[in-house]
2 protein chains.
Amino acid sequence: MTTMQDVATRAGVSAKTVSRVFNDDPHVTEDTRERVQSAMRELKYVPNMLARTFREGKSAVIGIAVPDVADPFFAAVTKGIELAAREHDMAIVVTSLGDNPALEQSIIQTTVRRQIDGLIIAPIAADQSYLARWQDSFPIVFIDRIPTKLHADYFVEDDFGGAFEATKHLIAHGHHRIAIVGDSTDVPTTKLRLEGYLAALADAGLKSDQELIALGSRDADAAAHVCKTLLALPDAPTAIFSSNARFSTGVFPALQALNRTDIALISFGDFPMADVLQPSVSVIDQNPRHVGRVAAERILARIAAPTKKFRRKNVIPVKLIERQSCQSPVTHLLPQLTSDARM
Amino acid sequence: MTTMQDVATRAGVSAKTVSRVFNDDPHVTEDTRERVQSAMRELKYVPNMLARTFREGKSAVIGIAVPDVADPFFAAVTKGIELAAREHDMAIVVTSLGDNPALEQSIIQTTVRRQIDGLIIAPIAADQSYLARWQDSFPIVFIDRIPTKLHADYFVEDDFGGAFEATKHLIAHGHHRIAIVGDSTDVPTTKLRLEGYLAALADAGLKSDQELIALGSRDADAAAHVCKTLLALPDAPTAIFSSNARFSTGVFPALQALNRTDIALISFGDFPMADVLQPSVSVIDQNPRHVGRVAAERILARIAAPTKKFRRKNVIPVKLIERQSCQSPVTHLLPQLTSDARM
DNA sequence: GAAACTCATGTCATCGATGACATGGGCTTC
DNA sequence: GAAGCCCATGTCATCGATGACATGAGTTTC
């Protein structure tokens, strides 16, 4: 690996002068500058960021910790972060936290010890107080779920409002037996989405039925199984609010396998191909790229102006994308052309 | 940030002894070891990986460069790499190359200058000779496309064989007018897939028709548009071989919008929800997690045994997953239950 | 008893780039 | 002419952990 000292030797100057040239320091004569640049080109010099980071105390890296890098939602969030970071010549280090809350702290420490200039985290544990010791070193921004036992920036979707709107939408389409399927309410986002669901029922003067609150699944397969159980009830639901896109990808195939695509479905979170399923699935869109971008921009803003005040608590509005899945059965069994004309 | 010197001061030893304790060096008495460990716990010491990397010349980081981190295929590859890396206490740095070949080199240099112990790259440019200078420093493994002008390890799918099989499958279902839709043949994977397609036609004694070779799209929208053009031909195709899952997610919605789901479709590469679309889409499955894993394992193997010989050229078999999309129209318009019983 | 070996601990240079400051020369101001 | 300022360049300590080696004490072998 070519070092600045190698370039310096070749150009007949000190390494410090090479550093000055490389960093566009004005205190270099034009003649010296050209000589050094020529040597850099000849030796194809690429700076060692590690040494720079070490000396400067800055890495130009944003750490990203999400439950699963392969999850479409978090992949899109990551993309949003990456694009914003790149505009500022920063790189990203990504890690999956998995779904075991007990591992969050140790996995985060693995990321942090590599020296990052900021951390964006979608937490899975119930306690983030372990991060307090690093808040003096770099900005930390939470996404998807708010931090617990830690005062930090966050950008989360309007879980309550989105669930409220989704449930309202189902009610407006005539559904009164509405199930909610998803994670355990130990998961804060699920808890809020349940609250939104319950509030919409109450707002419409409907009584909630504990049998229809089918929370506690861990993955898409479990959600699929829960659906089958729900539809076997004597007083089965006519609609399902899936509290997470990850589960929706289990719920939809289950409904299809049961030949029950007459059951209305709305997903909190969009997912790939949802718009071309039959019926196409109505969703509450979280706009993950935007989430990633604003989170990264907050990191960058805090780095640029360490003492400036920014609003810490940010709830991002979500948007209902109405597709076919909440229509009545008569509507979406019509020929495709007719259905498209209606949309 | 607590340093080893802080711990050393507290424990009344040298920083070197702290290092020995931390790294389980046997040349420390049990008494000293306990004293140091106690100090580490009290100070919540977390080592600075940067300093270690700097001194040791090893970072325990694998760099990953793929066209797009948000692409489901590459997200799954990344996941496979991450899991393998984590088993060896290594982290991953991820970057998206985008789709402009001219930017590959500069983006890769941004990754490399951060000191990585290995690089896994799905290239987009026509020339990777710029990587030669780093091959003495760390192992480089190519995925998805073979390296050009560089002698390096690669793990690529059987593009030719998969395309051959996909086309054969369509022919076996009675299709003689088969179009191929996808990227430009400047893209090496597309070129091979075209060759497989052509070979299968020739093998079946079918003549290829230039009108049905609809390559050159850049994204899913363009592929959708190409489909419309193809189906407007006087002698329109009855089947489409989509050479990339990314394009399939444009082709399928286009066929649906045109109410032409009678057109057979097979996708090179699986994609989310393909199995629950109607008709569910037959695919040539690339198993991206496996690709990621074997690539990472090669990096790890080369690090562990630098002089050992490994096979550089690895073509990973792909697998046909037959679903409904290549059936004749009569078959997949039957009631769902009947269709499932047949599968 | 002397030499060799082992164990435990410590010192110090190293990694590559940069911050802090020194230094010498030239120019300007008083 | 002296003092102060600015420019251009260089020296050297720094960043935190570890490799290379030194050192002193204790034990074993000849």
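So you know, we letter chains A, B, ... as the sequences are listed, proteins then strands, and number each from 1. Nothing here was measured: the structure is a model prediction, and the numbers come from that model.
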- Check every atom of D:dA17, C:dA17, D:dG16 against the side chain of B:R52 and return the nucleotide holding the closest atom. D:dA17
- Query: Judged by atom type as modelled, is there a donor-acceptor pair below 3.5 Å linking the side chain of A:R33 to the main-chain atoms of A:D24?
  - Reply: no
- Item | Donor-acceptor under 3.5 Å (B:N23 side chain, B:D25 main chain) | no
- Query: Under 3.5 Å, side chain of A:E104 to main-chain N/O of A:A125, donor-acceptor pair present?
  - Reply: yes
- Message: Based on the rotation axes of five pairs at each end, what angle does the helix from C:dG1-D:dC30 to C:dC30-D:dG1 bend through, to 10°?
- Response: 60°
- Query: Closer than 4.0 Å, any side-chain N/O of B:Y45 to the OP1 or OP2 of D:dA17?
  - Reply: yes
- Task: Find the distance A:F54:CZ to C:dG19:C1' and express it as a whole number of Å.
- Result: 15 Å
- Item | Atom-pair distance (CD on A:Q115; P on C:dC15), nearest Å | 21 Å
- Query: More than 12 non-hydrogen atoms from neighbouring residues, nucleotides or ligands closer than 6.0 Å to CZ on A:R218, yes or no?
  - Reply: no
- Note on the structure: Here the gap from A:I81 atom CD1 to A:F74 atom CZ, rounded to the nearest 0.5 Å, amounts to 10.0 Å
- Task: Measure from CG on B:L50 to C1' on D:dA17 and round the result to the nearest Å.
- Result: 10 Å
- Item | Separation of D:dT14 C1' from B:N48 CG (nearest whole Å) | 14 Å
- Query: Which pair of non-hydrogen atoms, one from A:M90 and one from A:V61, has the smallest distance, and what is that distance?
  - Reply: CE-N, 3.8 Å
- Of all pairs that satisfy side chain to side chain donor-acceptor pair (under 3.5 Å), the ones with a partner from residues 57-75 of chain A, not counting sequence neighbours: A:S59-A:D117, A:D68-B:K79
- Message: What is the separation between atom CD on B:E56 and atom C1' on D:dT18, rounded to the nearest whole Å?
- Response: 7 Å
- So, do A:D144 and A:F73 sit near enough that their side-chain heavy atoms are less than 4.5 Å apart? yes
- Task: Nearest whole angstrom, please: distance from the P of D:dA17 to the CZ of B:R55.
- Result: 13 Å
- Item | Main-chain N/O of B:R35 paired with B:S38 side-chain donor or acceptor, under 3.5 Å | no
- DNA chain D contacts among residues 13-42 of chain B, heavy-atom distance under 4.0 Å: B:K16, B:S19, B:N23
- Can you tell me the distance, in whole Å, between the CE atom of A:M4 and the C1' atom of C:dC15? 15 Å
